[in-house]
Amino acid sequence: MRLILMGPPGSGKGTQAKLLAGREHLTHLSTGDMLREAIRSGSELGLKARDAVEGGKLVSDDLLYDIIEARLRELGSDKCFILDGFPRNLRQAEFLESTLPRMGIGIDAAILLDVPRGSLLKRLSGRRVCSHCGKEYHLEFSPPKVDGICDVCGNKLYQREDDRPEKIEERLKTYDEATLPMVEFYRNRGLLVEIEADGGIEDVLQRILDSLDKVKQGRV
Ligand code: AMP
């Protein structure tokens with residue numbers, strides 16, 4: 001399957017995308033991860049994207065088109081993927097819609113994770129990430145065994161710059177203004193799959209898998 005995963009910051013996109021990738025044998029393409037990696041490595045892309053990413057704003061579309069197109073070309077037309085964090089506005093959705101057919105690729109579903117605003121704030125403000133392996137924790141819901149230290153690799157946990165309270169507000173505003181209109185775009189194309197995602201990780205994953213089964217049945 002070729003999937004797009006959409007949802008507000010804190011809706012669990014990254015977590016569910018990784019799990020889905022494992023279960024369905026999909027390549028996980030996360031623009032947020034690509035940008036954070038570019039910032040860490042100090043590449044030209046990283047330098048250009050840094051202020052927007054750390055300020056909770058979207059980076060300019062042009063910065064992402066090349067990297068997304070390159071990654072999709074690398075995969076080729078027989079590989080399946082899940083796009084996490086791209087597209088994020090209508091222009092990006094239109095870019096994808098015009099680019100994929102040239103590669104002989106179509107999208108099977110655009111999944112929207114639906115989570116009430118109160119839960120989003122709680123999830124984002126408590127999130128901590130391992131500085132080495134990227135594993136995510138939550139101070140309340142999934143704390144590490146030793147405070148501030150990753151269970152897996154023993155390195156230090158940090159709070160993402162854009163998970164600080166003032167940045168969270170900015171990201172949610174950006175989501176409402178830029179990303180929500182894209183939901184209609186996919187609804188109009190009959191690709192939208194809405195998932196109630198304010199639950200445990202495994203419950204939400206199961207709801208997504210059940211919905212994808214229906215998509216697959218509809219395709220046969
Ligand atoms: P994420 O990890 O998906 O929450 O993304 C983190 C940050 O990366 C976002 O707040 C944006 O600054 C930037 N970003 C990720 N994907 C995109 C995109 N498709 N368009 C613009 N900016 C993006």
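When a ligand or atom number is given, it counts from 1 through the structure's own listing order. Note that the numbering runs from 1 along the sequence shown for the chain.
Considering both main-chain and side-chain atoms, Gly85 comes within under 3.5 Å of ligand 1 through a nitrogen or oxygen pair. The shortest N or O to N or O distance between Gly56 and ligand 1 is not under 3.5 Å. For ligand 1, the polar-atom distance check finds an N/O of Arg88 within less than 3.5 Å of one of the ligand's N/O atoms.
Contacts between Lys57 and ligand 1 below 4.0 angstrom, taking non-hydrogen atoms only, involve the backbone exclusively. Contacts with ligand 1 closer than 4.0 Å are made by no heavy atom of Thr174, backbone or side chain. Of the heavy atoms in Lys167, none comes closer than 4.0 Å to ligand 1.
Closest protein heavy atom to atom 22 (N) of ligand 1: Val59 N, 3.1 Å. Nearest protein heavy-atom neighbour of atom 13 (C) of ligand 1: Leu35 CD1, 3.5 Å. The nearest protein atom to atom 7 (C) of ligand 1, hydrogens excluded, is given as Val53 CG1, 4.1 Å; this is a heavy-atom distance. Here the protein heavy atom with the shortest distance to atom 16 (N) of ligand 1 is Thr31 OG1, 2.8 Å.
For atom 6 (C) of ligand 1, the choice among Arg36, Glu54, Arg171, Arg50 with the nearest heavy atom turns out to be Arg36.
Counting heavy atoms of neighbouring residues, nucleotides and ligands inside a 6.0 Å radius, atom CG of Asp213 exceeds 12 of them.
The pair Arg91-Glu94 does not count as a salt bridge, with every side-chain nitrogen at least 4.0 angstrom from each carboxylate oxygen.
Residues Val59 and Leu83 are members of one and the same hydrophobic cluster, defined by side-chain heavy-atom contacts under 4.5 angstrom among Ile, Leu, Val, Met, Phe, Trp and Tyr. No chain of hydrophobic side-chain contacts below 4.5 Å, direct or via other Ile, Leu, Val, Met, Phe, Trp or Tyr residues, connects Ile82 to Ile4.
In this structure, the side chains of Arg207 and Asp203 come closer than 4.5 Å at one or more pairs of heavy atoms.
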